[in-house]
Amino acid sequence: MMRGDRVIYAIFILAFALTALLIFYPAYHAVELSFQHRKSLVSAPEWVGFANYGHVLVMPEFWSALGRGVIFSGCSIALQLGLGLALAILLDRKLPGMAVIRGLSVLPYLLPTVVVALTFRWMLDGSTGIISHLAKTLGYTHIAWADHPVAAMATVILISVWIWTPFVTLACLAGLQSIPEELYEAARIDGAGAWNRFLHVTLPQLRSVILVVLLLRTIWMFNKFDIIWLMTRGGPQHATEHLPVLSYRLAFELYDVGKGAAISTISFLILSGLIVLYFRFFPLDQKD
């Protein structure tokens, strides 16, 4: 075996070992915890089998959290895809200074989530926030974004859209720039207007990009924990508490590690089922 091959094998083995250490083992341990009853992560385990799953599946909080997670991820993904595609079409135009505008459009995606969350909390503060101040100048006395369930959910959805729409924009922009101009020229010759060119040229050519983005955003948004925890901690009155937040609250605040791990495992199974159905109905290698 040549030295170069040995280096490649060594790198592969190291990468696999790190993946097993940082991903596979924690995932296995989380599933193992879901079959145990523990009062903390360091207490002695008591094997209870599927009892945690049975308790979780009859909890009203579980089904409410699942529904809120569907609302949060569904609305966020729909807005991200719609706005991201629209912005990509605008940024695809050949205008002076467009390179600078494209660079600026990526900034929200580059910011740490904790910075974004704390900044928006300050801007929405009822007494010192700039958004609250502007609302008062328009005649509104109070913005109950953190006190009203609908307002709190709408706020975390809109902030999520602001942060992660640039990812969709970049992906769609890359796809747009790979579409041959000859297709648009042929459509113009056939008399197709801008809307028809979008429907019959742009969308079919972006199909694979949109499907990949949809898959990735579904996985990420359904599991999104940080933005909701930093903004609302699942409140008010559990109005923004979805499965990741409920799992965290049970495991680390109520010290019911087994039920928290069971919820995490069920979330993983739900996502796995969705991914299987996704590839069943939307195969990425399908030819148009």
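Along the sequence shown, residues carry numbers from 1.
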task = Look only at the side chain of S178 and the backbone of G175, and say whether a donor-acceptor pair between them is shorter than 3.5 Å.
result = yes

inquiry  = Does the plane of the ring in F50 sit parallel, tilted or perpendicular to the ring in Y53? Use 30° and 60° as the thresholds.
reply    = tilted

remark   = Scanning both residues in full, the closest heavy-atom pair of L91 with S105 reads CD1-OG, 3.7 Å

key: Side-chain donor/acceptor of H29 to backbone N/O of Y25, under 3.5 Å   = no

query = Quick one: are T113 and K224 in side-chain contact, heavy atoms under 4.5 Å?
reply = no

query = So do F282 and L215 actually touch side chain to side chain, heavy atoms under 4.5 Å?
reply = no

Stepwise side chain to side chain contact (heavy atoms under 4.5 Å, CB included) test for V114 and L118 = CA-CA 6 Å; V114 63; L118 294 178; 4.0 Å; yes

request  = For the pair W220 and F167, name the ring-plane relationship: parallel under 30°, tilted 30 to 60°, perpendicular over 60°.
outcome  = perpendicular

inquiry  = When you measure from the side chain of W63 to the backbone of V58, do you find a donor-acceptor pair of N or O atoms at a distance under 3.5 Å?
reply    = no

message = Could you check whether any side-chain heavy atom of F72 comes within less than 4.5 Å of a side-chain heavy atom of I227, counting everything from C-beta outward?
response = yes

Full working for side chain to side chain donor-acceptor pair (under 3.5 Å) between S160 and S76 = CA-CA 7 Å; S160 300; S76 299; 4.5 Å; no

query = Atom CD1 in I13, atom CG in L18: separation rounded to 0.5 Å?
reply = 12.0 Å

query = Is the backbone of A151 close enough, under 3.5 Å, to the side chain of T155 for a donor and an acceptor to pair up by distance?
reply = yes

query = Minimum heavy-atom separation for L206 to C172, with atom names?
reply = CD2-O, 3.9 Å

query = If you measure from CD on Q80 to CG on L214, what distance do you get to the nearest 0.5 Å?
reply = 10.5 Å

task = Could you tell me which non-hydrogen atom of P166 sits nearest to which non-hydrogen atom of V106, and how far apart they are?
result = CB-CA, 4.1 Å

ask   = How many angstroms lie between CH2 in W195 and NE2 in H200, if you round to the nearest 0.5 Å?
value = 10.0 Å

ask   = Are Y109 and T169 close enough that some pair of their side-chain heavy atoms sits under 4.5 Å apart?
value = no

ask   = Does a sphere of radius 6.0 Å around CH2 in W47 hold more than 12 heavy atoms from other residues, nucleotides or ligands, not counting ones at 6.0 Å or beyond?
value = yes

query = Stepwise, does the side chain to side chain contact (heavy atoms under 4.5 Å, CB included) test hold for R207 with L211?
reply = CA-CA 6 Å; R207 178 185 179 277; L211 289 179; 3.4 Å; yes

ask   = In terms of hydrophobic clustering (I, L, V, M, F, W, Y; side-chain heavy atoms under 4.5 Å; direct or indirect links), are F281 and I77 co-clustered?
value = yes

ask   = Do any N or O atoms from the side chain of D256 and from the backbone of L250 form a donor-acceptor pair under 3.5 angstrom?
value = no

ask   = Between the side chain of S247 and the main-chain N/O of P244, is any donor-acceptor distance below 3.5 Å?
value = no

ask   = What is the minimum heavy-atom distance between L199 and P204, and which atoms define it?
value = O-CD, 3.2 Å

message = More than 12 heavy atoms of other residues, nucleotides or ligands under 6.0 Å from CD of Q237: yes or no?
response = no

message = Please determine whether side chain to side chain contact (heavy atoms under 4.5 Å, CB included) holds for the pair L203 and L85, giving the CA-CA distance in whole Å, both sets of side-chain angles, and the decisive distance to 0.1 Å.
response = CA-CA 10 Å; L203 282 183; L85 180 57; 4.0 Å; yes

task = Mind checking the CD1-CZ spacing from I266 to F62? Nearest 0.5 Å is all I need.
result = 4.5 Å

ask   = Between L111 and T119, does a side chain to side chain contact (heavy atoms under 4.5 Å, CB included) hold up when you go through it step by step?
value = CA-CA 11 Å; L111 295 174; T119 301; over 6 Å; no

request  = Assign the ring pair F225 / W229 to parallel, tilted or perpendicular, where the plane angle (0 to 90°) is split at 30° and 60°.
outcome  = parallel

ask   = Can L170 be reached from L216 by stepping across I, L, V, M, F, W or Y side chains whose heavy atoms are under 4.5 Å apart?
value = no

inquiry  = Nearest 0.5 angstrom please: R249 CZ to K259 NZ, how far?
reply    = 12.5 Å

key: Cluster link I219 to V161, ILVMFWY, side chain under 4.5 Å   = yes

message = Can a donor-acceptor pair be found, under 3.5 Å and without considering hydrogens, that links the side chain of R197 to the backbone of A192?
response = yes

query = When you look at CZ of R102, are more than 12 heavy atoms from neighbouring residues, nucleotides or ligands closer to it than 6.0 Å?
reply = yes

task = Work out which heavy atom in V201 is nearest to a heavy atom in I179; give both atom names and the distance.
result = CG1-CG2, 4.4 Å

key: Flag, side chain of S34 to backbone of G258, donor-acceptor distance under 3.5 Å   = no

ask   = Would you say F279 and L277 are hydrophobically clustered, going by side-chain heavy atoms of ILVMFWY under 4.5 Å?
value = yes

ask   = Would you call the rings of F16 and F12 parallel, tilted or perpendicular if under 30° counts as parallel and over 60° as perpendicular?
value = parallel

key: Distance (rounded to the nearest 0.5 Å) between F222 CZ and F268 CZ   = 12.5 Å

inquiry  = Quick check: is I163 connected to L87 through a chain of hydrophobic side chains (ILVMFWY, heavy atoms under 4.5 Å apart)?
reply    = no

query = Is the count of non-hydrogen atoms from other residues, nucleotides or ligands lying under 6.0 Å from L271 atom CG greater than 12?
reply = yes

query = Would you call E61-R68 a salt bridge at under 4.0 Å N-O?
reply = no

task = Please name the pair of heavy atoms, one in A239 and one in M153, separated by the smallest distance, quoted to 0.1 Å.
result = O-CE, 3.4 Å

